[in-house]
4 protein chains.
Amino acid sequence: MSRDTSVRPRRERRKEARPAELTAAALDLFVERGFAATRLEDIAARAGVSKGTLYLYFAGKEDLFKAVVREGIVPALTQAETLIAEHRGSASDLLRSLIRGWWQLIGSTPLGGITKLMIAEARNFPEIAQFYYDEVLRRARDVDTWQQLVFSPFIMFAVWRHSLACCDARAGAPEAYIEAALDFVLRGLRSDPGSLSISREPAAAPGRSPEG
Amino acid sequence: MSRDTSVRPRRERRKEARPAELTAAALDLFVERGFAATRLEDIAARAGVSKGTLYLYFAGKEDLFKAVVREGIVPALTQAETLIAEHRGSASDLLRSLIRGWWQLIGSTPLGGITKLMIAEARNFPEIAQFYYDEVLRRARDVDTWQQLVFSPFIMFAVWRHSLACCDARAGAPEAYIEAALDFVLRGLRSDPGSLSISREPAAAPGRSPEG
Amino acid sequence: MSRDTSVRPRRERRKEARPAELTAAALDLFVERGFAATRLEDIAARAGVSKGTLYLYFAGKEDLFKAVVREGIVPALTQAETLIAEHRGSASDLLRSLIRGWWQLIGSTPLGGITKLMIAEARNFPEIAQFYYDEVLRRARDVDTWQQLVFSPFIMFAVWRHSLACCDARAGAPEAYIEAALDFVLRGLRSDPGSLSISREPAAAPGRSPEG
Amino acid sequence: MSRDTSVRPRRERRKEARPAELTAAALDLFVERGFAATRLEDIAARAGVSKGTLYLYFAGKEDLFKAVVREGIVPALTQAETLIAEHRGSASDLLRSLIRGWWQLIGSTPLGGITKLMIAEARNFPEIAQFYYDEVLRRARDVDTWQQLVFSPFIMFAVWRHSLACCDARAGAPEAYIEAALDFVLRGLRSDPGSLSISREPAAAPGRSPEG
DNA sequence: TATGAATGAGTTTTCATTCAT
DNA sequence: GATGAATGAAAACTCATTCAT
C-alpha cells in the first residue's frame, strides 16, 4: 500500500532514495564532463546533499562511477530482453520495435549518455568496460559484422546528443532521424537475406527475407 | 631539399621538431585517457623532454590540447578536399575513395582518435568543439540526414578502435569491415536516388543514381 | 544491596552502566591505536551503542579521553594507598607487596595500558599529563633518583605488553618476570641503606636496611 | 675535495639535503605528537618547504614515517656494534661504555625519541615495529631476562624525556641519573655471576665476576 | 633553450559533531 | 534516552605552472 510509505519518517524515505539520487546526479555530470573532470562536490550539490553524504553510500569516486554504469545498463538490458522474448512477428518488425523501445527507454533519457561515457572512459576503467562489453555488446557482436552496421547509426546518434550536438544550432527532430535511419538500415539489409539475425530463432534463417 | 635538413645540427633539428613531437605524444595520451586524466609530465616523458620544456612551445595544457586537435584535423581536411576536387567518376566511387582515403590517412593512424577525443571533450571545450564542428562536420550535415547515416559506421568504427576495442579479444580485420560497410551503405542509399550529395557538384543532382 | 540493582529494569541498569562500558571500550582502543587514530565510531561499536549515544555521556572525544585516564588512575591510587597504609613489615616486603598488588590490579589488566597511553599522549594533553604526573608520579619522584630505578623494570614491562610485545613470538611468563625483577631491584638497593623510602615513614630512615 | 661541493649549484645541494631535513623535522613532530596527530603541512613548514615538496621525496605520510624510523635506528646500530666489537676490557666496563655511548649518540639527541615513537605506534605499524624489534631488541632479548632489567632504566629515561618530563619542573641532571643507574644496575647483577653476557666473548663466562 | 625542484591551489577523503526522528 | 543520517571543517594528496640554474 502506498499509505504505508507515506507514513514512514521522512529521513528514512530519504535514505532509500539517496543512492539513486546520487547516481542520477553523477550520471549527468560524468556524461557531460567525463570522470576526471567531474568534482565530487558538484555531484553532491546537484543531488542536494553535502560532500560527506556521498561517502555514506559509495566508497569513493570510482565506486560511484561503477554504480552509475551498472545501474544505467542493467534496466536497459532487462527491457531489451523482454522486448525480444515477447516479440511475435517478422525480424524487421523486431528491429523496429527494439530501436523504438531503446529510444523511449534509453536514447531519449539521460541513460543515453552511458554509451558516450563508456567510449570516453573505457581505457581508464578496463573492468567496467569489460563488464559493459560482456553484458551489452558481446551478444550483438557475436553474430556477424552486420550487427555493427545496423546499430551504428543509432549509437552514433546517442553519442552525438551528448557531445557535439551542443554545436549544432538546428534543433533536430530525433524521432524523424530514428525512423529515417530504420528505413536506411533495413534497405541496407534487404538484399542480404539471412544477415538479419538479431532474434535467435529460425525466423532469421538464411534464405528467408527479413520482411518475413 | 631533405638533404638540407639532415645536415643541420641536431639541436636545431630538434627545436623545429619539438612541437610536433609533443603534440604527437599528447594526442596518444589525450585519446587514451582524456584531457583531465592526462598528466603533462607523462606527455613530456613520452616526447622525451622535461616538463618545463613543454611550456617553451605551448602556453599550457589547454593550449596544447587545441594544438593537438587543430593539427589533427587540418591535414585531414586538406586531404579530403583534394580527393573530392580531383574526383572524376560516379558519386559512389567518390564515396568509396573518400572512405578508403580516410582509412589510410586518418582511421588507421593515431589521428583516428581525434573523433573519440572530440566526443569525450566537446562539452568541456566548447570553442574547440565548435571549431571541429564547423570545419569537419558542418558541411556534411548541411545537406541532409543521410549524411549521418552514411558515415556513422565509419565514425563508429574509429571511435571503437580507441575505446571499447580493448575488450574485444577477436583481432578483427579492419579493412574487411570497411569494405563491408561500404557495400552496406551504398545499398542503403540505392533506392533513394539523389540522396548522395557529398560533392557539391551537379554530379549529385536529384534523379541521378549514385552508381552513375 | 546488590539484589536491588538486579531487580531494576534493564534499561535503567544499562543507563548507569553506560559510561563505564564506554570508557572501557575507549581505554582498549586508545591504548591500542592512540588518541588521534581512534575513531569515536569504533569505540561506540565496541561498547555496543551508536555514535550519538556517546554524546549523551561525554562532551566529546577529549572529554572521553580525560574520563578514561581519570577512571583508570584513581582506583589504582586508592589501592596503592591502602596497601601502603596497612603495611606492617619491612620496606622490602612492602615493595614486594606493592609490585605484586600493582600487577594484580593494574599491570595484568587493561588498566596497565594507561601508562603507555600517557607516554604517547602526554605532550598532546598537558593538563591530563600534569594530572597523571601529580597524582601518580610526583610522590615517588619526590624522594630521590632511586625511585625511578626501582620502578622502571615494571613500568617498562607494562608499556611493553601494550606495544612491542606483539612482535615477540615467545609467550613469556609475566609473573616470572615480575619476581625476577623484584629480586634484581632489591639486590640493586641492598648496599644502599636508606635509599628505599617508598613509605613516607621513618621506617625508611638512613641506616636502616630495607630488609629491616 | 670540499671545493667541489662548494661549487655545486645551490639547488642541487639542496636536493641532496632535503630528505634528511625532512626526516629530521618529521622525527621531532612525530615524537612530540604521534603519527596521526602530526600534520604533513607542519613537517613541511618546519623543514622550510611547502607541502608539495614533501611528496617529491616521500610517497606519503607512512613512507615518511618509515624513513624516520629506519634512519633513526640504523646509525645507532652501527655505533653500538662498533663499540662492542672494539671493546677490550671487562663486561661491566663494556656496559658502562655502551650506555655512555648510547647517551651521547642517541639518548641526548632527538633520536632518543624513536623509542617513544615505537612504543606509541607499534600496533599501528606492525611491519615497522617488527623491523625495530628484529634489528634493535631481538639480540638483547636473545640472551635472558636480565637484559630487560639491565636496560629498562635507560630506556625508561629516554621515553620519559619525550613524554612526561614536560610535567616535571625540576630540570634534572641527565648525566647524574645515567651514572647512578649504571651503579644500580651493576650492583643488581653482581651476585649473579654469569648473567651479564652482553659481549659474546668468554670474558662473560659463568663464574667470572662482571668486574673482571 | 632546457631542466626539474619547488610551489600552492584544488580535489578527494575522513571523521568529530549535530540533530531530526 | 537512543539512533544514525547528515554535515563541513580539516587533512592527505595531486599536478599544472613557475623559475632559478
Side-chain angles (χ1 to χ4, degrees), chain A residues 8-16 18 36-44 47-64, chain B residues 11-12 14-15 18 35-45 48-64, chain C residues 11-12 14-15 18 35-45 48-64, chain D residues 8-16 18 36-44 47-64:
Chain A
R8 284 221 211 111
R10 202 173 311 163
R11 264 287 174 86
E12 202 177 338
R13 266 211 326 280
R14 221 57 201 285
K15 195 201 162 181
E16 278 171 23
R18 276 285 139 78
T38 299
R39 298 167 354 132
L40 242 15
E41 193 156 20
D42 289 341
I43 295 175
V49 299
S50 77
K51 233 180 332 172
T53 301
L54 225 151
Y55 286 85
L56 296 176
Y57 300 97
F58 302 96
K61 200 181 182 182
E62 196 162 330
D63 185 49
L64 177 58
Chain B
R11 250 298 173 78
E12 205 175 336
R14 218 57 199 285
K15 195 174 108 184
R18 279 281 143 80
F35 178 79
T38 299
R39 298 169 351 131
L40 242 16
E41 192 157 21
D42 290 339
I43 295 174
V49 300
S50 75
K51 231 186 326 178
T53 303
L54 226 152
Y55 285 84
L56 297 173
Y57 299 99
F58 302 96
K61 199 181 185 183
E62 196 162 330
D63 186 48
L64 176 59
Chain C
R11 247 302 171 80
E12 205 174 337
R14 217 58 198 287
K15 192 173 110 182
R18 278 281 144 80
F35 177 80
T38 298
R39 297 167 353 129
L40 243 14
E41 192 156 21
D42 290 340
I43 294 174
V49 299
S50 75
K51 230 184 328 175
T53 301
L54 225 151
Y55 285 85
L56 297 174
Y57 300 98
F58 301 96
K61 199 181 185 184
E62 196 163 332
D63 186 50
L64 176 59
Chain D
R8 284 223 211 110
R10 203 173 309 162
R11 263 288 174 86
E12 202 176 336
R13 269 213 321 283
R14 221 56 201 285
K15 196 203 163 180
E16 278 171 22
R18 276 283 138 79
T38 299
R39 298 168 353 130
L40 242 17
E41 194 157 18
D42 289 341
I43 295 174
V49 299
S50 75
K51 227 183 337 170
T53 300
L54 224 152
Y55 287 87
L56 296 176
Y57 300 97
F58 301 96
K61 200 180 183 184
E62 197 162 331
D63 185 50
L64 177 58

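Convention: sequence-line order gives letters A, B, ...; per-chain numbering from 1. The analysis underlying the following values was restricted to heavy atoms, covering all of them including side chains, and did not include hydrogens, waters or symmetry mates.
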Item checked: Who pairs with dA20(E) - Watson-Crick or G-U, where each distance is under 3.5 Å -> dT3(F)

Checklist line | For dG8(E), the Watson-Crick or wobble counterpart (both distances under 3.5 Å) | finding: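 Answer to the pairing question: dC15(F), which forms a Watson-Crick or G-U pair with dG8(E).
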
Next item on the list: Tell me which of Glu62(B) and Leu54(A) sits closer to the 5' end of DNA chain F, going by the nucleotide each one is nearest to.
Entry: Leu54(A)

Notebook entry, point to check: Mapping Ala59(B) and Gly52(C) onto DNA chain F by nearest heavy atom, which one lands closer to the 5' end?
Noted result: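 Upstream on the strand: Gly52(C).
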
What is the distance from [atom1] of [X] to [atom2] of [N], rounded to the nearest Å?
X	N	atom1	atom2	value
Leu64(B)	dC15(F)	CG	C1'	15 Å
Ile43(A)	dT13(E)	CD1	C1'	14 Å
Asp42(C)	dT14(E)	CG	P	13 Å
Glu41(C)	dG4(F)	CD	P	10 Å
Phe35(B)	dC15(F)	CZ	P	13 Å
Glu16(D)	dG4(E)	CD	C1'	15 Å

Notebook entry, point to check: Can you tell me how far the NZ atom of Lys51(B) sits from the CG atom of Asp42(B), to the nearest 0.5 Å?
Noted result: 10.0 Å

Margin query: Closest-nucleotide mapping onto DNA chain E: is Lys51(C) or Arg39(A) further toward the 5' terminus? I mean the 5' end.
Written below: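 It is Arg39(A), whose closest nucleotide lies nearer the 5' terminus.
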
Notebook entry, point to check: More 5' along DNA chain E: Thr53(A) or Leu40(A), using each one's nearest nucleotide?
Noted result: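 On the 5' side of the pair lies Leu40(A).
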
Next item on the list: Could you tell me whether Leu56(B) contacts a base, only the sugar-phosphate backbone, or nothing, with contacts defined as non-hydrogen atoms closer than 4.0 Å?
Entry: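 The residue Leu56(B) makes base contact.
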
Any [X] side-chain nitrogen or oxygen under 4.0 Å from OP1 or OP2 of [N]:
X	N	result
Tyr57(D)	dA6(E)	yes
Tyr55(A)	dT13(E)	yes
Arg18(C)	dA2(F)	yes

If you take all heavy atoms of [X] and [Y], which pair is closest and at what distance?
X	Y	result
Ala36(B)	Ala36(A)	CB-CB, 3.6 Å
Leu54(C)	Leu40(C)	CD1-O, 3.8 Å
Asp63(C)	Phe58(C)	OD2-CA, 3.5 Å
Lys61(A)	Thr38(A)	NZ-O, 2.8 Å

Notebook entry, point to check: To the side chain of Lys61(D), which of dC13(F), dA2(E), dA6(F) is closest?
Noted result: dC13(F)

Notebook entry, point to check: Out of dA2(E), dG8(E), dA16(F), which has the shortest distance to the side chain of Ser50(D)?
Noted result: dG8(E)

